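Following: one structure in structure tokens, then a few remarks.
Position 1 is the first residue of the sequence; numbering continues from there. Because the structure is predicted, anything quoted here is derived from the model rather than measured.
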Amino acid sequence: KPQTIEAIKHATQANAPIIVAISKIDKEGRNPERVKQDLSIHGVHVEDYGGDVQAIGVSGKTGEGMIELEEAIGALSEMQDHRADVECNAEGWVIEATTKSYGRVASALIRRGTLRPGDVIVAGQTWARVRTLRNEAGLSISEATPGMPVEIDGWRDQPVAGTEILQAPTEQKAKDVVAYRQDRVDTQKLGEDMVAINEARRELLERRRQEDADAEEVASGPAEASGPKAVNFIIKADVDGS
């Protein structure tokens, strides 16, 4: 489908290794061989057809193939010999953020370093002293290492999905970084506001000139509105990210 073709293009352009998970393998009438043939048309050659790309049939409904998919990811990782420093300051990315009964939380993926409760981190224009770390099962853990998804709480403000997490040595350093970033955003916003104000002034003058010109003309009948009409919506969501 188009989204699969787009994903293949993104992966190949980034020179990223590919593992294919053929979903809905539990359905009747499934035809994984056709999927593999279609993949070869777009330059993804699976192992069954003499290529080097692993293809595993999986089912989100029954769980079939999930263990094999995990093993395939682990095997490819060992072949690629990916390693991350676990002794340096923690770094990662915010995947999504929301508010739960125990406060503001962010689901994050650690890229390097080791994150522990009590560490001070910065993400975008907010910071946190890590109160607790929870794994994907919601259980508290003592540390988060590279490649580990983790839920972090203790944020002063809601972080934004997609922002980078960096560990700070002290709370004061984190506050200074956030204040500096906020100043930059305010300065940029001020410039954008000035541009918007000047544009609004130009539009107002143009509208007045047009009204004066229309007043001089003799109207033959009532004017009819044309063009698209604006409709305002308020959209509310509970999670920033997914």
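Within 6.0 Å of CD in Glu171 there are more than 12 heavy atoms belonging to other residues, nucleotides or ligands. By the 6.0 Å contact criterion, OH on Tyr180 is open, its count of non-hydrogen atoms from other residues, nucleotides or ligands being 12 or less. Heavy atoms of other residues, nucleotides or ligands lying less than 6.0 angstrom from CG of Asp52 number 12 at most. Atom CZ of Arg184 is surrounded by 12 or fewer heavy atoms from other residues, nucleotides or ligands within 6.0 Å. Heavy atoms of other residues, nucleotides or ligands lying less than 6.0 angstrom from CD1 of Ile5 number more than 12.
Evaluation of the side-chain contact (heavy atoms from CB on, under 4.5 Å) rule for Asp176 yields Gln172 as partners, not counting sequence neighbours.
Annotation: side chain of Val178 is in contact with side chain of Val122 (closest heavy-atom distance under 4.5 Å). Side-chain atoms of Lys61 and Lys27, non-hydrogen and from C-beta on, never get closer than 4.5 Å to each other. Two residues are said to be in side-chain contact when any heavy atoms from C-beta on lie closer than 4.5 Å; Tyr102 and Asp153 meet this criterion.
Applying the salt bridge (charged side-chain N to carboxylate O under 4.0 Å, His left out) rule to pairs touching residues 189-205 yields Lys189-Asp193, Glu199-Arg202, sequence neighbours excluded. Residue pairs satisfying the side-chain hydrogen bond (donor to acceptor under 3.5 Å, both in side chains) criterion with at least one member in residues 133-142, sequence neighbours excluded, are listed as follows: Thr132-Arg134.
Counting only distance, with no hydrogens or angles, the side chain of Glu47 and the backbone of Ala55 share no donor-acceptor pair below 3.5 Å. Although no hydrogens or angles enter the test, the distance criterion places no donor-acceptor pair under 3.5 Å between the side chain of Arg104 and the main chain of Thr99. In this structure, the side chain of Gln167 engages the main chain of Ala90 through a donor-acceptor pair within 3.5 Å. Checked by atom type and distance alone, the side chain of Thr126 never pairs as donor or acceptor with a backbone atom of Ala123 at under 3.5 Å.
Salt bridge status for Lys36 with Glu33: present, with a side-chain N to carboxylate O gap under 4.0 Å. Under 4.0 Å is where a charged nitrogen must lie from a carboxylate oxygen, and between Glu206 and Arg209 at least one such pair does.
Applying the side chain to side chain contact (heavy atoms under 4.5 Å, CB included) test between Val35 and each of Ile22, Val46, Ile25 identifies Ile22 as the sole match.
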